[in-house]
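Taking it in order: structure first as structure tokens, then the write-up.
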Amino acid sequence: MKIATFNVNSIKVRLPILLSWLEEAKPDVVCLQEIKCLAGDFPTLELKGLGYHTEVVGQRSYNGVALLSKAPALDVVAGLPGDDADAQARYVEATVEGVRIASLYLPNGNPVATEKFSYKLAWIKRLKARAETLLVQEIPFVLAGDYNVCPTDADVFDPAALRDDALCQPESRRGFRALINLGLVDAFRIFHPEPHRYSFWDYQQGRWYRDEGLRIDHLLLSPQAADRVIAADIDKSPRGKDKASDHTPVWCELAMR
DNA sequence: ATGGTAGCCTTGCTA
């Protein structure tokens with residue numbers, strides 16, 4: 001089963017690029033972030049045309065996540081548990097072919113020293129609590145999405161320039177490591193130890209052209225999922241197209257028997 | 001030198 005995560009930065013604008021990538025890459029499950037639309041405005045029919053079921057947690061203008069799957073998605077959880085007052089559309093989770101899969105959009109957190117950063121850290125704590133709940137079940141699961149965390153300086157084109165950014169703060173990295181220390185595995189790093197591989201390039205200052213990016217889109221695997229993973233990579237091709245997202249897809253493949 | 005780009009039911013906010 002091939003599982004991908006892709007921050008599309010507006011599903012409306014990115015639909016042509018997404019559809020052509022789906023036809024080419026043929027993922028079984030796709031976790032989308034920043035769809036930036038209400039569930040009712042999501043292009044369900046166009047995706048059904050390529051054989052995908054859709055589960056959408058939408059929001060006007062900002063955020064919004066979705067789960068696309070060739071097989072039906074069961075037992076859907078909409079929203080990250082742990083704070084009923086949190087209205088931001090950043091999490092959807094469901095079971096596909098026996099694998100529990102979440103599409104998550106972790107808060108950016110900039111600027112640091114504002115309530116945006118404390119919201120980010122609180123959100124990471126809730127995600128950790130959710131991971132602990134899932135771990136008890138001893139099932140294969142994948143937490144995939146835009147984490148807005150560069151785990152180490154090897155995931156940043158210029159660590160000094162990003163030193164004060166919320167994506168590289170020690171507290172952000174500590175939160176990410178807390179997930180790893182539960183026993184979750186960064187799928188990409190199993191197969192790619194090399195530094196300076198990125199999943200995001202800012203639109204500004206020629207970052208894509210100069211390959212000056214960040215690795216912030218991750219698939220974290222439960223031990224039972226990590227036992228099955230046979231490949232993982234970043235697919236840079238959608239980022240080079242006209243009207244590209246500032247992110248590109250990251251994927252992994254699980255052996256199903 | 002605090003710029004630059006992209007997307008949003010826009011005139012500022014978010015990333």
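The sequence lines fix the lettering, A, B, ..., with proteins before strands; numbering per chain opens at 1. From a predicted model like this one, the values you see are computed outputs, not experimental measurements. All values below were derived from every heavy atom in this structure, side-chain atoms included, with hydrogens, water molecules and symmetry-related copies excluded.
Residue order along DNA chain B, read from the 5' end via each residue's closest nucleotide, puts A/N9 first among A/N9 and A/D246. Along DNA chain B, the nucleotide closest to A/I35 and the one closest to A/G109 are compared, and the more 5′ of them pairs with A/I35.
Geometrically, A/K70 engages A/Y52 in a cation-pi contact, judged by NZ or CZ lying under 6.0 Å from the ring centre and within 45° of the ring axis.
Summarising the geometry, the separation between CZ on A/R14 and P on B/dA6 is reported as 10 Å, rounded to the nearest angstrom. A/Y62 has its OH atom 18 Å from the P atom of B/dA6, to the nearest Å. For A/E115 and B/dC13, the CD to C1' distance is 13 Å, given to the nearest whole Å. For the pair A/D202 CG and B/dA6 P, the computed distance is 10 Å after rounding to whole Å. Look at OH on A/Y203: it is 8 Å from C1' on B/dT5, rounded to the nearest Å. At whole-Å resolution of the value, NZ in A/K36 and P in B/dT14 are 12 Å apart. Per the geometry, CZ belonging to A/R207 stands 19 Å off P belonging to B/dA15, to the nearest Å. Rounded to a whole Å, the CD atom of A/Q59 is 14 Å from the P atom of B/dC8.
For A/S10 and B/dA6, the shortest distance from a side-chain N or O to OP1 or OP2 is not below 4.0 Å. For the OP1/OP2 pair of B/dC9 and a distance below 4.0 Å, the side-chain nitrogens and oxygens of A/S61 include at least one atom meeting the criterion.
A/A94 and A/A73 get closest at one heavy-atom pair: CB-CB, 3.8 Å. The heavy-atom pair separating A/A131 from A/L184 by the smallest distance is CB-CD1, 4.2 Å.
Nucleotides B/dT10 and B/dT5 place their C1' atoms 16 Å apart, quoted to the nearest Å. Going from the P atom of B/dG12 to that of B/dG3 covers 15 Å, rounded to whole Å. Nucleotides B/dG4 and B/dC9 place their P atoms 24 Å apart, quoted to the nearest Å.
Counting any heavy atom pair closer than 4.0 Å across all strands shown, A/Y105 reaches sugar-phosphate atoms only and no base atom.
With sequence neighbours excluded, the residues that form a salt bridge (charged side-chain N to carboxylate O under 4.0 Å, His left out) with A/D155 are A/R189, A/R215.
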* Dump the intermediate steps for salt bridge (Lys or Arg N to Asp or Glu O under 4.0 Å) on A/E212 and A/R207, then the final yes or no. => CA-CA 5 Å; A/E212 295 177 341; A/R207 295 299 188 210; 2.7 Å; yes
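Checked against B/dC8, B/dG4, B/dA15, the side chain of A/V13 finds its nearest nucleotide in B/dC8.
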